[in-house]
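This report refers to the structure that appears directly beneath it.
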Amino acid sequence: MAVHSKSFDEPDEQRTPDKTVVNVVKFPGASVAKITFQPGWRWSECIRPVVGGESCQVRHVGTLVSGEIEVVHDDGSKARLAAGSAYLIEPGHDAWVVGDEPAIGLEFESHAAETYAKS
């Protein structure tokens with residue numbers, strides 16, 4: 001048995017697309033990401049140029065630590081996430097920061113942590 005601990009201040013990997021910082025820590029069998037979205041961030045403007053596609057095709061499981069994000073799925077359904085919210089966002093969506101405060105999320109879905117905003 002073991003306990004693994006790492007700091008997001010010294011991530012195993014960092015990605016920095018427009019208005020975004022993704023810090024990833026990797027553990028045996030799991031990865032976790034801390035994603036910081038700056039005011040003005042929108043998936044379709046900041047991430048789509050990196051990954052392509054019409055909408056985000058990543059499944060997100062996490063919690064929003066600060067800020068607010070609006071999410072709209074391809075079917076038109078939408079939700080606003082606020083600090084303290086746990087979330088599960090299915091593939092097929094656009095999202096953007098609401099207001100002038102950065103939004104910071106922790107992502108626990110290993111595939112999302114390992115691939116989000118990666119070309």
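Please read all numbers here as calculations on a predicted model, not as lab measurements.
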> Under the 3.5 angstrom rule, does the side chain of T20 hit a backbone N or O of D18 as a donor-acceptor pair?
Replying inline: yes
> What are the two closest heavy atoms between G92 and S55, and how far apart are they?
Replying inline: CA-OG, 3.5 Å
> Roughly how far apart are W41 CH2 and W96 CH2, rounded to 0.5 Å?
Replying inline: 10.0 Å
> V97 and A103: which non-hydrogen atoms are nearest, and at how many Å?
Replying inline: CG2-CB, 4.2 Å
>> Listing request: all salt bridge (charged side-chain N to carboxylate O under 4.0 Å, His left out) pairs with a residue in residues 94-110, at least two apart in sequence or in separate chains.
In response: R42-D94, R59-E109
> Does S110 use its side chain to pair, donor to acceptor, with the backbone of S31 at less than 3.5 Å?
Replying inline: yes
>> Keeping K6 on the side-chain end and K26 on the backbone end, is there a donor-acceptor pair under 3.5 Å?
In response: yes
> Taking a hydrophobic cluster as the set of Ile, Leu, Val, Met, Phe, Trp and Tyr residues connected by side-chain heavy atoms closer than 4.5 Å, whether directly or through intermediates, do V98 and V71 fall within one such cluster?
Replying inline: no
>> If you define the side chain from C-beta out and look only at heavy atoms, does anything of C56 sit under 4.5 Å from P91?
In response: no
>> I need the T36 OG1 to N23 CG distance, nearest 0.5 Å.
In response: 7.0 Å
> Given side chains that start at C-beta, do those of I69 and Y87 come closer than 4.5 Å, heavy atoms only?
Replying inline: no
> Looking at G99 and P39, what are the two nearest heavy atoms and their distance?
Replying inline: O-CB, 3.9 Å
> With I89, which of L81, V58, V61 fulfils side chain to side chain contact (heavy atoms under 4.5 Å, CB included)?
Replying inline: L81
> Under 4.5 Å between any side-chain heavy atoms of Y116 and H60, yes or no?
Replying inline: yes
>> Taking ring pair (Phe, Tyr, Trp, His ring centres under 6.0 Å) as the cut-off, I'd like each qualifying pair that reaches into residues 12-34, sequence neighbours left out, listed once.
In response: none
> Which heavy-atom pair separates P11 from D9 by the least distance, and what is that distance?
Replying inline: CD-C, 3.5 Å
>> Test your reading of the model: is there a side-chain donor-acceptor pair from H73 to the backbone of E90, 3.5 Å cut-off?
In response: yes
> NZ/K19 to CD/E45 distance, rounded to the nearest 0.5 angstrom?
Replying inline: 6.5 Å
>> Please report the interatomic distance CD1(I35) to CD1(I104), rounded to the nearest 0.5 Å.
In response: 11.0 Å
>> Tell me which pairs pass salt bridge (charged side-chain N to carboxylate O under 4.0 Å, His left out) where either residue lies in residues 65-79, with sequence neighbours left out.
In response: E68-R80, E70-R80
> Which heavy atom of P49 sits nearest a heavy atom of S44, and at what distance?
Replying inline: CD-O, 4.1 Å
> Are any side-chain N or O atoms of T63 and backbone N or O atoms of S85, one a donor and one an acceptor, separated by less than 3.5 Å?
Replying inline: yes
> Does F37 reach the side chain of I47, with side-chain heavy atoms less than 4.5 Å apart?
Replying inline: no
> Pick from V21, V22, V24: which one makes a side chain to side chain contact (heavy atoms under 4.5 Å, CB included) with Q14?
Replying inline: V21
